[in-house]
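As structure tokens, the structure follows; a few thoughts come after it.
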Amino acid sequence: MKFINSVAGKIGLEQLGKTLIHEHVRTRSECVPVQFPRLYDAEEEYRLAMEQVVAVRDRGVKTIFDPSVMGLDRDVSFMKRVSQDSGVQIIAATGIFTFHYLPTRFEANDIDFMAEQFVKDIEEGVQNTEVKAGFLKCATEIQGLTPGVEKVLRAVARAHHRTGVPIMTHSAPSEETGLLQIQIFEEEGVELNNVLIGHCGDTDNLDYIERVLDKGVYIGLDRYGITTTITTEQRNKTVRTLIEKGYVKRMFLSQDYCCTTDRLKPESLKKSLLPDWSMTFLLDKVIPTLLSQGVTEEEINIMMNENVKDWLS
Ligand SMILES: [Zn+2]
């Protein structure tokens with residue numbers, strides 16, 4: 001691949017620049033906004049998204065990959081508006097974010113029916129717009145490979161074969177589900193250097209992370225600022241150790257920040273629970289700390305600018 005679909009059209013890989021590989025300009029419960037719109041404030045969501053995206057733009061970020069898909073209330077028109085108004089390139093995804101459940105429409109149809117929908121999102125456009133998806137997304141949480149989850153993984157693999165766009169996952173390192181995802185992708189014949197196993201930094205179990213890396217995939221150390229499960233220093237230590245072991249060309253740093261989420265009230269999100277979580281934390285605090293601990297500018301550049309091009313090509 002020499003080009004990727006952004007929400008504003010095709011862009012060359014050289015245009016990607018400094019990239020945040022996993023952030024969300026907005027997430028919401030699927031269905032709830034349609035049924036109970038009084039709970040949501042679209043303009044406030046836009047304001048909060050712009051606040052963060054403009055802040056990272058001012059720190060040199062050119063591109064954000066937003067892996068919101070079905071299950072996170074993906075809205076490519078919202079993404080496009082934020083992209084146009086901020087000047088930051090946003091790459092939208094297709095796929096399904098589920099830990100077990102599938103809607104009857106997909107339950108009642110086979111894997112290839114699902115794959116076909118993903119392919120159309122990539123080749124024709126998402127949600128009856130001209131915005132095309134640039135990558136594929138799926139999830140395997142602590143529930144493991146439920147029938148619904150396995151169907152999504154196989155459909156994602158088949159859509160990858162038909163389109164060539166890469167795959168990003170949400171995984172649960174505590175249950176080693178990254179390896180389950182890899183197993184399904186191998187069964188479907190996916191070349192694993194097209195796969196990014198997300199959230200590997202949520203553990204400091206290096207044995208597990210290396211078993212994932214040794215399959216030839218990319219990994220996301222992509223939840224900086226989420227300190228409920230693991231501290232920032234533990235995340236940093238994992239990053240430093242993996243670089244020392246020679247894995248820098250397989251690693252991505254990001255925050256999985258959600259400019260809005262209806263899972264937590266904004267007050268608890270900001271103050272007590274996750275005080276550091278934002279789209280700028282990595283750039284303002286984490287990278288300077290890593291540099292002071294011996295990581296080089298060149299290694300940061302590889303993780304923030306170079307690896308994305310390799311993953312896509
Ligand atoms: Zn995410």
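In listed order, ligands and their atoms are each counted from 1.
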Worksheet item: Under the side-chain contact (heavy atoms from CB on, under 4.5 Å) criterion, do Lys249 and Asn307 qualify, and how do the steps go?
Response: CA-CA 6 Å; Lys249 292 194 169 171; Asn307 286 348; 4.1 Å; yes
Practice prompt. Pick out which of Asp41, Thr27, Val25, Leu48 makes a side chain to side chain contact (heavy atoms under 4.5 Å, CB included) with Thr260.
Written response: Leu48
Worksheet item: Taking the Zn ion (ligand 1) as the centre, how many protein N/O/S atoms fall inside a distance shorter than 2.8 Å?
Response: 3
Response to the item:
Apart from Val119 itself, its cluster of hydrophobic side chains linked below 4.5 Å comprises none
List the atom pairs, with distances to 0.1 Å, where a side-chain N or O of residues 98-107 and a protein N or O form a donor-acceptor pair under 3.5 Å, not counting sequence neighbours.
| residue | atom | partner | partner atom | Å |
| --- | --- | --- | --- | --- |
| Thr98 | OG1 | His100 | N | 3.3 |
| Thr98 | OG1 | Tyr101 | N | 3.1 |
| Thr98 | OG1 | Tyr101 | O | 2.5 |

Worksheet item: Should the pair Phe97 and His170 be assigned to parallel (<30°), tilted (30 to 60°) or perpendicular (>60°) ring geometry?
Response: perpendicular
Fill in: Within residues 118-135 or reaching into it, pairs that qualify as side-chain hydrogen bond (donor to acceptor under 3.5 Å, both in side chains) - sequence neighbours excluded
Arg74-Asp121, Thr94-Asp121
